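Just so you know, residue 1 is the first one in the sequence shown, and it goes up from there. Note that these values count all heavy atoms, side chains included, but never hydrogens, waters or copies made by symmetry. Everything quoted here is computed from the prediction, not taken from an experiment.
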Amino acid sequence: MKNLFALILLLICSSSLVDAADPILGLWKKSDGQATIQITIEEGKLVGRVTAAKDTTRTHDTKNPDPKLRNRKIIGLPVVWGFYKKDGKWEGGRVYDSSNGKTYQGKIWLEGSDKMMMRGFKGVSLLGRSAEWYRVK
C-alpha cells in the first residue's frame with residue numbers, strides 16, 4: 001500500500017513538473033495591445049484567461065450570444081480552453097472573441113520563446129485568421 005501511495009504521489013508531482021516547464025505558460029499580450037491573457041494548464045488542457053483589456057469601458061461580456069453569460073466580467077474571462085499538446089503545437093481547443101461573441105476552433109503554437117501564434121477558424125483552418133501574442137516580461 002505504501003508503494004502504491006508513493007507511486008501515485010510521484011506521478012502527480014511529475015505531471016505538475018512537466019506542465020510547469022512548458023514554455024507556453026505565462027502572460028501574453030496581443031500584438032494590437034487590446035488584451036493580455038494568462039496561459040495555464042488545467043487538467044492537462046491549455047486555458048487562457050483575460051488579465052487586462054485596453055477598452056476599460058467594456059467591463060462585461062456584453063456581446064455574448066447567450067444572454068445568461070453577458071454578466072461575466074471581461075477580466076478573468078476564459079478566452080482559450082480545451083487545447084491539448086500534439087507534436088509541439090496545441091490543438092483541439094476553442095478560442096472565444098469577446099469583441100464579437102463568437103467562438104472558434106483553434107490552434108496555438110510558439111514561434112521562438114516570446115511569440116505565440118493563435119489561429120481561430122470555423123471548420124477549415126485555411127479560412128480562419130491568426131493573431132500574434134508576445135510574452136510579457
Closest heavy-atom contact between [X] and [Y]?
X	Y	result
K107	F121	CG-CE2, 4.0 Å
D97	S99	OD1-OG, 2.5 Å
G123	Q105	N-OE1, 2.7 Å
M117	S130	CE-CB, 4.0 Å
P65	G101	CD-O, 3.0 Å

Value rounded to 0.5 Å, distance of NZ in K29 from CE in M116: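 Separation between the atoms: 13.5 Å.
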Gap separating the CG atom of L110 from the CD1 atom of I24, nearest 0.5 angstrom: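 Result: 4.5 Å between the selected atoms.
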From CA spacing to verdict: side-chain contact (heavy atoms from CB on, under 4.5 Å), E91, Y84: CA-CA 6 Å; E91 53 188 50; Y84 60 89; 3.8 Å; yes
If we ignore hydrogens and angles and just use 3.5 Å, is the side chain of [X] paired with the main-chain N or O of [Y] as donor and acceptor?
X	Y	value
T51	T36	yes
R58	S98	yes
R94	G82	no
R49	I75	no

Taking the side chain as every heavy atom from C-beta outward, state whether [X] and [Y] have any pair of such atoms under 4.5 Å apart.
X	Y	value
L27	R135	no
H60	R70	no
M118	V80	yes
T62	N64	no
V95	V79	no
Y104	Y96	no

Stepwise side-chain contact (heavy atoms from CB on, under 4.5 Å) test for W28 and V136: CA-CA 5 Å; W28 297 87; V136 175; 5.8 Å; no
Enclosure of K102 NZ (heavy-atom neighbours >12, cutoff 6.0 Å):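 Incorrect, the count does not exceed 12.
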Path from I37 to W81 over hydrophobic side-chain contacts below 4.5 Å: yes
Verify same cluster id: W133, W109 (apolar side-chain graph, 4.5 Å):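 Result: no, two separate clusters.
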Charged tip of K115 within 45° of Y134 ring normal and under 6.0 Å: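 Negative - K115 is either too far from the ring of Y134 or too far off its axis.
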Trace of the side-chain contact (heavy atoms from CB on, under 4.5 Å) decision for L25 with I41: CA-CA 8 Å; L25 299 179; I41 297 175; 3.5 Å; yes
ILVMFWY clustering at 4.5 Å (side-chain atoms), partners of V124: L126, L127
Salt-bridge criterion met for K85 and D22 (N-O under 4.0 Å):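 Salt bridge: yes.
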